[in-house]
Amino acid sequence: MDNEEILDDIGALVEEERRLRQRTGGLLPEERARLAELEVRLDQCWDLLRQRRAKSEFGEDPDTATLRPASEVESYRN
C-alpha cells in the first residue's frame, strides 16, 4: 500500500466510525464491537503511515514499513 491508499483507508474507516458514533439510541453489541475494531484498525493505519513517512524522510524505502500487530500498536504510550 502506498500513502494515498492508506489515507483512503483511513478516510473510509473514519466515515464508518463517525456513522456509528452519530447513531441515536445506543449501539447494538455487534456495533460496539465493530467500533472497537475500527479504532484499532485506525491506530494501525496511522502507525503504518507514520512509519512510511519516517522512512521516506530518512532516505529509506517506505515499502519496507509493515502493519504492526494490534497488540503492539495499542500498547503505545502518548
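Counting begins at 1 with the first residue of the sequence.
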Which value, rounded to the nearest 0.5 Å, describes the distance between [X] atom [atom1] and [Y] atom [atom2]?
X: Glu30; Y: Arg32; atom1: CD; atom2: CZ; answer: 8.5 Å
X: Leu38; Y: Arg18; atom1: CG; atom2: CZ; answer: 12.0 Å
X: Glu57; Y: Arg50; atom1: CD; atom2: CZ; answer: 14.0 Å
X: Gln51; Y: Thr66; atom1: CD; atom2: OG1; answer: 5.0 Å
X: Arg68; Y: Ser75; atom1: CZ; atom2: OG; answer: 10.0 Å

With a 4.5 Å limit on heavy-atom distance, are the side chains of Arg41 and Val73 in contact?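 No, every pair of side-chain atoms sits at 4.5 Å or beyond.
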
Quick one: do Val40 and Leu20 end up in the same hydrophobic cluster if we chain Ile, Leu, Val, Met, Phe, Trp and Tyr together by side-chain heavy atoms under 4.5 Å apart?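 As far as the 4.5 Å side-chain criterion goes, Leu20 and Val40 are not connected within one cluster.
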
Salt-bridge test for Arg19 and Glu16: reply yes if a basic N is under 4.0 Å from a carboxylate O, no otherwise.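 Not counted as a salt bridge, because no side-chain N and carboxylate O are separated by less than 4.0 Å.
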
Answer yes or no: is there an ion pair linking Arg21 with Glu17, defined by an N-O contact shorter than 4.0 Å?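 Salt bridge flag = yes for Glu17 with Arg21.
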
List, one per line, each side-chain donor-acceptor pair under 3.5 Å for residues 3-14, sequence neighbours excluded.
unit_1, atom_1, unit_2, atom_2, d
Asn3, OD1, Arg52, NE, 2.5
Glu5, OE1, Asp2, N, 2.8

Any residue meeting side chain to side chain donor-acceptor pair (under 3.5 Å) with Arg23, in chain and number order, not counting sequence neighbours: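 Side chain to side chain donor-acceptor pair (under 3.5 Å) check on Arg23 returns Glu31.
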
